[in-house]
Amino acid sequence: MKIRVKHSKKEITFFIDVEEEDNLHPSPKVSLSKRNFSFKLPKGLSSKNIHPDHLALISILVCHPFIGKRIKFPKPISKKFFEATNVISRYVVENIDEDLEPWTPLADSRPALAFSGGADSTAALALMPENTVPVFLDRPLPLLRISKYDKNAPHVACEKLSELGYDVYKIEADLEYVRKPVGFPVDVANAAPAIILANHMQFDAIAFGTIMESAFGVGHPNYRNYPKGSHYRMWGTLFAAVGLPLLQVVSGVSEVGTSIINRDSSFGHIAHSCMRGKWMNPCRNCWKCFRKLVLDSVVNNKKISEKELNELFKIREAKYHLSQFPIKHENVLTYSTSKYVELFELDIEGNESMMSLLTKRVRGDVLEVDWMEKYFPVMFDIIPEKYRDGLKIKLEKYLQPMTKKEQEIVLNWNLNTMLNDEYYQELNSSFCKKLNSH
Ligand SMILES: [Zn+2]
């Protein structure tokens, strides 16, 4: 694969030239669709000043799943970045300029945050220095196709942050259309606009809203040692080599923790998880709304009315996700149901309501859950030194560290015993049956 770039005053466009060995369909559900992508540039930024290593990293972020044997970058890269690409085993990278200095930020630089307007990245911002620049990737909407995606909420969130004094950037970029179905080719590709701005703004790290469920695997069947795992090894190495180390400020914080941070921080209320509703007015008809409304009810100690609860279990998307075994980020539902039963004194024995059945199905009646209100200290192993102390002070304004015993729960996380247990298999089928006729 070869990548070319075209500069104009207002935008930079990347062209993907496919070669024979490239992988146009890396999996049955994913394929290469659009063969170019652009970034609209803010005033004063000349794309010709973007460092070749930054252009190369963006090329990898967008094209990674589709690269066959090699990738040739728009401009020759530094030796340092070339050596870092040794972490990639599937393909080689080409064209080095032995004399090119790697990019390094100036001394008084600051961090960027790949900001989505959602709960996790808003909580991440609350833990970061006040000079952090939230960078929002503004996906252009297709004119002729009907999309349920609504940009109103993240745009309002950006405006509110600007009013609070943050230097917010919205960068229009269509890189999500390179992949079919539309979306990020790799999860950290949402950092691409921040990389475009890095030299212009002098960033020295890029933060994400990656939470403990994703980083350490507690939203999945098994614990994952994130600092030693393949995701961090690859992306952590590549980002660090271009002078922009990953800043995973919420990687030890669960979705429960980010909800608590947003409840207690000065701007947490601007967060909006639903991709469809308007700002402060979620659609109440999607899976994210289901999870968030139930979690918020326990975090804010506000009971959901019977009628509303009944409506939530009728959401089509929620039915689909709740029927999975295990459910994605099931631990969060374990927390929500456990607290729901406790706070609102729900008698789940001899009660066949959907909420009671869900509580039993996700083990909200038997598991310890308070650890999700705390942070997992192992996250600090991968925080760049410059940011470590400041982050710890801010984080502990909201959450306490897990005790040794609680950390053991995370370290030993494993859903397989439950998945193989006949009792839970049967509970799952009766729950699904009732859910689908609800
Ligand atoms: Zn929604």
Side-chain angles (χ1 to χ4, degrees), residues 114-125 134 136-142 145-161 170 176 181-184 187 190 209-211 213-214 219 250 254-263 265 267-300 302-324 327-337 339-340 354-355 358 362 435-436 438:
F115 180 70
S116 70
D120 301 334
S121 65
T122 304
L125 186 61
F136 177 70
L137 188 155
D138 202 0
R139 180 211 292 182
L141 294 181
R145 237 183 307 157
I146 296 160
S147 166
K148 284 178 180 164
Y149 178 78
D150 192 313
K151 294 203 289 195
N152 165 281
H155 280 192
V156 179
C158 288
E159 267 163 45
K160 298 281 166 194
L161 291 176
K170 283 187 287 188
E176 290 162 276
V182 176
F184 293 118
D187 65 338
N190 60 347
T210 310
I211 49 172
E213 279 77 7
S214 310
V250 289
S254 84
E255 196 178 320
V256 175
T258 55
S259 291
I260 293 172
I261 294 170
N262 286 335
R263 179 194 66 192
S265 80
F267 54 77
H269 62 280
I270 67 155
H272 184 94
S273 308
C274 175
M275 306 284 277
R276 298 175 193 168
K278 297 284 178 199
W279 192 65
M280 291 289 185
N281 192 12
C283 79
R284 293 177 174 267
N285 198 24
C286 72
W287 169 230
K288 285 196 171 173
C289 280
F290 178 94
R291 275 186 17 217
K292 203 78 203 133
L293 291 167
V294 180
L295 177 58
D296 282 348
S297 86
V298 295
V299 167
N300 299 319
K302 281 192 187 131
K303 194 171 188 282
I304 304 174
S305 72
E306 281 304 316
K307 186 171 168 274
E308 197 184 347
L309 205 52
N310 206 28
E311 291 301 315
L312 287 179
F313 279 101
K314 284 190 176 141
I315 299 174
R316 227 162 81 180
E317 234 187 69
K319 285 185 178 195
Y320 169 78
H321 286 278
L322 290 170
S323 311
Q324 305 301 310
I327 300 166
K328 193 176 177 209
H329 294 194
E330 180 163 318
N331 63 301
V332 182
L333 288 174
T334 309
Y335 178 87
S336 304
T337 54
K339 292 292 171 186
Y340 201 91
M354 288 314 301
M355 197 59 179
L358 177 63
V362 299
L435 182 64
N436 288 319
H438 181 73

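All residue numbers refer to positions in the sequence shown, counting from 1. Just so you know, ligand 1 is whichever comes first in the structure, and atom 1 is the first atom listed for that ligand.
Each salt bridge (charged side-chain N to carboxylate O under 4.0 Å, His left out) pair with one or both residues in residues 327-337, not counting sequence neighbours, appears once here: Glu330-Arg361.
Shown here are the salt bridge (charged side-chain N to carboxylate O under 4.0 Å, His left out) partners of Glu317, two or more places apart in sequence or in another chain: Arg276. Checked against side-chain hydrogen bond (donor to acceptor under 3.5 Å, both in side chains), His155 has the following partners two or more places apart in sequence or in another chain: Asp138.
Judged by distance alone, the side chains of Lys292 and Ser259 do bring a donor and an acceptor atom under 3.5 Å apart. A donor and an acceptor atom, one from each side chain of Asn262 and Thr122, are nowhere located under 3.5 Å apart.
Taking the six-membered ring where the residue is Trp, His321 and Trp287 present parallel rings, their angle staying beneath 30° rather than reaching 60°.
With waters left out, the protein N, O or S atoms under 2.8 Å from the Zn ion (ligand 1) add up to 4.
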